[in-house]
Amino acid sequence: MSNAPYRFDVTHRVCEVVDAHANLEPGAETDTVVTVAGRLMLRRDQGKLAFGSLQDSSGRVQLFAMAKSTPEYEGFTGLSIGDWIAVTGIVMMTRRGELSVRVDEWALLAHAGRPFPDKWHGISDPDTRYRQRYVDLWVTEEARQTFIRRSQIVASMRRILHAQEFIEVETPMLHPIPGGALARPFVTHHNALGEDLYLRIAPELYLKRLVVGGVEKVFEIGRVFRNEGMSTRHNPEFTMLELYWAYADHADMMQLTEELVAGIASEVLGTTTIEYDGREVDLSTPWRRATMEELIAEYAGVDVNLDTPIDELRAICERFGVETKAHYGPGKLILELYEKTCEAELWGPVFVTDYPVEVSPLSREHRERPGYTERFEAIVAGRELCNGFSELTDPLIQRQRFEAQEADRDAGDDEAMVVDEDYLRALEYGLPGTAGLGVGVDRLVMLLTGTTTIRDVVLFPTLKPEQGRGTAESGETVDHPH
RNA sequence: GCCCCCGUAGCCAAGCUGGUUACGGCAGCGGACUUUUAAUCCGAAGAUCGUGGGUUCGAGUCCCACCGGGGGCACCA
């Protein structure tokens with residue numbers, strides 16, 4: 001059994017020691033005694049002297065040990081890189097001007113039985129970084145910073161929404177009917193119920209039920225699951241912010257969205273001008289608004305709308321290399337054309353508006369443009385950041401939309417929606433004009449941390465199982481000191 | 001699901017058109033060293049070259065399959 005202590009009294013975080021003694025003269029010794037703890041990340045032995053670097057969650061500080069004053073000096077110099085230790089001693093400055101804690105007492109808290117990667121080169125293999133994030137976090141400074149920033153971004157998001165009196169809720173992750181988005185779900189099974197359940201693809205329909213229930217401003221930040229391909233911007237489970245705001249419409253929501261994103265950037269980064277992928281992004285408000293058709297005209301140079309003859313639309317799509325299916329109507333064709341020709345080109349931030357009804361089964365029809373909806377997506381750096389709209393509130397129209405979706409499903413579209421009778425029943429009780437928004441939190445974090453792959457903002461991204469490779473069971477030798 | 005690329009010791013990493021005992025660095029091990037900063041110096045060691053087949057007198061290198069990863073496409077409110 002290990003004789004490592006069950007608990008240990010630490011008096012200072014490393015950053016507190018560093019901050020409080022930044023201006024010591026070289027060679028100075030204070031009479032401030034501190035106890036710090038962390039991992040030994042480097043060691044430089046020099047005979048009767050030894051230097052080490054102790055790292056905790058707040059930073060690094062040098063350790064200074066002397067054979068004549070450090071107890072069990074041989075044991076100290078025999079520590080492994082990566083060992084968790086606690087050190088008690090005075091704060092001092094070496095002759096070369098490196099702030100240090102003198103090792104007057106020390107204790108081993110946990111031995112690192114596996115060697116840490118190269119102290120200088122770190123880990124380059126992404127597989128190792130994602131699989132063994134516990135190692136990556138110690139070795140890769142940027143990784144640690146990214147996840148700290150992620151926490152700050154989400155905290156800022158909550159702070160801003162709470163300040164506007166939105167209420168945070170949690171709704172089911174196990175859904176009897178997958179709904180609220182066009183996506184393939186993961187299926188699971190509940191034994192006692194004897195029923196299949198679906199991991200949610202969106203919380204949308206539950207949150208709008210809450211508006212029916214009188215929660216006028218509501219949001220949820222949580223995981224959703226989509227059974228789709230993986231890429232630099234797609235992880236099968238990812239985090240969404242969804243919010244609903246009674247009595248408001250899409251224009252209000254666009255304003256809230258840009259203020260939210262710019263506000264988070266200001267709070268967390270101190271600026272609304274950021275750099276992404278080598279280019280500047282100006283998140284300051286207001287953001288440009290442009291209809292989908294205006295953008296198609298701008299980027300593809302063709303004028304299309306819902307009145308364009310469908311044969312002509314198909315021909316245009318083919319000209320731009322868009323793959324079309326027989327059951328696509330004009331709305332779907334226009335959306336496909338937009339996605340092919342515009343989306344990746346849009347640096348933004350820009351709100352793309354006026355999505356066709358055909359591709360927006362939960363959005364309310366545009367008050368001035370029949371066939372279109374009051375829906376918008378914000379595009380930043382060529383990526384979809386969020387989606388929002390004036391919500392469809394009429395239960396009869398919603399039923400028709402669901403039925404149209406089921407027709408698509410019957411035509412072979414396994415991402416189409418199915419009729420949710422309870423949701424329709426909720427709408428029958430009355431949903432006032434309401435605006436809704438969904439934000440991809442991981443993508444927002446990517447944007448604000450300058451990260452180009454979602455795996456760098458998700459602590460444990462989905463990977464294939466490694467099947468025993470590199471695990472203790474594989475017969476690899478592990479150094480057990482006890 | 002498709003295409004391209006990658007996989008050499010705990011980590012980083014050479015290895016040109018196939019040619020004998022696979023170059024090094026860090027970490028680890030032994031030794032020297034009382035102010036180092038990726039400490040330095042000396043010494044010894046550590047490799048089923050992702051796995052399995054195949055071609056060849058000879059394979060880390062060429063071919064096939066599989067495993068894992070990366071990028072792209074498809075898919076993706």
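Proteins come first, then strands; the chains are lettered A, B, ... in the order of their sequence lines, and each starts at number 1. Just so you know, these numbers use all the heavy atoms, side chains as well, and skip hydrogens, waters and symmetry mates.
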Among the nucleotides B:A39, B:G25, B:G28, whichever has the atom closest to the side chain of A:L42 is B:A39

Pick the C1' atom in B:C23 and in B:C12, then give their distance to the nearest Å. 14 Å

Name the closest nucleotide to the A:R44 side chain, picking from B:U34, B:A39, B:G10. B:A39

Need the pair for B:U61. Rule: Watson-Crick or G-U wobble, both distances under 3.5 Å, any strand; none if unpaired. none

Does the B:G7 base have a donor-acceptor partner in the side chain of A:D125 within less than 3.5 Å? no

Kindly indicate whether a cation-pi arrangement holds for A:K217 with A:F166, taking the cut-offs as under 6.0 Å to the six-membered ring centre and within 45° of the axis. yes

Nearest-Å distance once atom C1' is located in both B:G28 and B:G46: 9 Å

Separation of the C1' atoms in B:C49 and B:A9, to the nearest angstrom: 10 Å

Hey, does A:A202 reach any base, or is it just sugar-phosphate, or nothing, if we go heavy atoms under 4.0 Å? nothing

Rounded to whole Å, NE2 of A:H121 lies from P of B:C26 at a distance of 10 Å

Given B:G69, is OP1 or OP2 found less than 4.0 Å from the side-chain N or O atoms of A:R131? yes

Check every atom of B:C33, B:G68, B:U37 against the side chain of A:E98 and return the nucleotide holding the closest atom. B:U37

Looking at every non-hydrogen atom in both residues, tell me the closest pair between A:P185 and A:L199 and how far apart they are. CB-O, 4.2 Å

Does A:E323 reach a base, just sugar-phosphate, or nothing at all? Heavy atoms under 4.0 Å. nothing

Shortest side-chain distance from A:P126, nucleotide among B:C12, B:G69, B:G71: B:G69

Between B:C33, B:A38, B:G69, which nucleotide has the shortest distance from any of its atoms to the side chain of A:W120? B:A38

Euclidean distance, atom CG of residue A:L463 to atom P of B:C67 [Å, nearest integer]: 16 Å

Min side-chain heavy-atom separation A:L427-A:T393 under 4.5 Å: no

A:E228 and A:A183: which non-hydrogen atoms are nearest, and at how many Å? OE2-CB, 3.3 Å

Tell me: CG of A:D408 to C1' of B:C75, nearest whole Å? 16 Å

At a heavy-atom distance below 4.0 Å, what parts of residues 220-242 of chain A sit against RNA chain B? A:R226, A:E228, A:G229, A:T232, A:H234, A:M240

Given that A:S100 and A:E339 both sit by RNA chain B, which one's nearest nucleotide is further toward the 5' end? A:S100

To the nearest Å, how far apart are A:K464 NZ and B:G7 P? 18 Å

Just checking, A:R209 and A:Y206: is the charged tip under 6.0 Å from the six-membered ring centre and within 45° of the axis? yes

Spacing of the P atoms in B:G24 and B:G15 (rounded, Å): 14 Å

Pairwise P distance, B:U40 and B:C2 [rounded to whole Å]: 49 Å

Just checking A:L362: base, sugar-phosphate only, or nothing, at a heavy-atom cut-off of under 4.0 Å? nothing

Could you tell me whether the side chain of A:S100 and the main chain of A:R102 form a donor-acceptor pair under 3.5 Å? no

Contact class for A:E415 vs. all strands (heavy atom < 4.0 Å): base, sugar-phosphate, or nothing? sugar-phosphate

For A:G27, answer base if it contacts any base atom (sugar-phosphate contacts may also be present), sugar-phosphate if it contacts only those atoms, and nothing otherwise; contact means non-hydrogen atoms under 4.0 Å. nothing

Assess A:K332 against A:Y328: is NZ or CZ under 6.0 Å from the centre of the six-membered ring, and within 45 degrees of the ring's axis? yes

Please state how far atom CG in A:L63 lies from atom P in B:U37, giving the value in whole angstrom units. 16 Å

For A:R129 and B:G69, is the shortest distance between a side-chain N/O and OP1 or OP2 below 4.0 Å? no

Any strand, both distances under 3.5 Å, Watson-Crick or G-U wobble: B:A14 pairs with none

Send over the distance from A:Q55 CD to B:U37 P, rounded to a whole Å. 20 Å

With a 4.0 Å cut-off, would you call A:E415 and A:R409 a salt bridge? no

Parallel under 30°, tilted from 30 to 60°, perpendicular over 60°: which one fits the rings of A:H250 and A:H366? perpendicular

Pairing partner (Watson-Crick or G-U wobble, both distances under 3.5 angstrom) of B:G1: B:C73

Roughly how many Å apart are B:A45 and B:C6, using the P atom of each and rounding to a whole number? 34 Å

Starting at CZ of A:R39 and ending at C1' of B:A27, how long is that distance when rounded to a whole Å? 15 Å

The side chain of A:S124 lies closest to which of these nucleotides: B:G68, B:C12, B:G25? B:C12

A:Q46 side chain near B:A39 phosphate (N/O to OP1/OP2, under 4.0 Å): no

Students often get this wrong, so: under 4.0 angstrom with heavy atoms, is A:F64 touching a base, only sugar-phosphate, or nothing? base

Is the shortest side-chain N/O distance from A:R455 to OP1 or OP2 of B:G71 below 4.0 Å? yes

Establish, yes or no, whether the cationic atom of A:R375 lies under 6.0 Å from the six-membered ring centre of A:Y355 and within 45° of the ring axis. yes

When the P atoms of B:U34 and B:C16 are compared, how many Å lie between them, rounded to an integer? 46 Å

Pick out which of A:T451, A:V457, A:D456 makes a side-chain contact (heavy atoms from CB on, under 4.5 Å) with A:D442. A:V457

Roughly how far apart, to the nearest Å, are B:G70 and B:G30 at atom P? 39 Å

Among B:A74, B:C11, B:G69, the one nearest any side-chain atom of A:I123 is B:C11

Roughly, in whole Å, what's the span from CD1 in A:I454 to P in B:G72? 13 Å

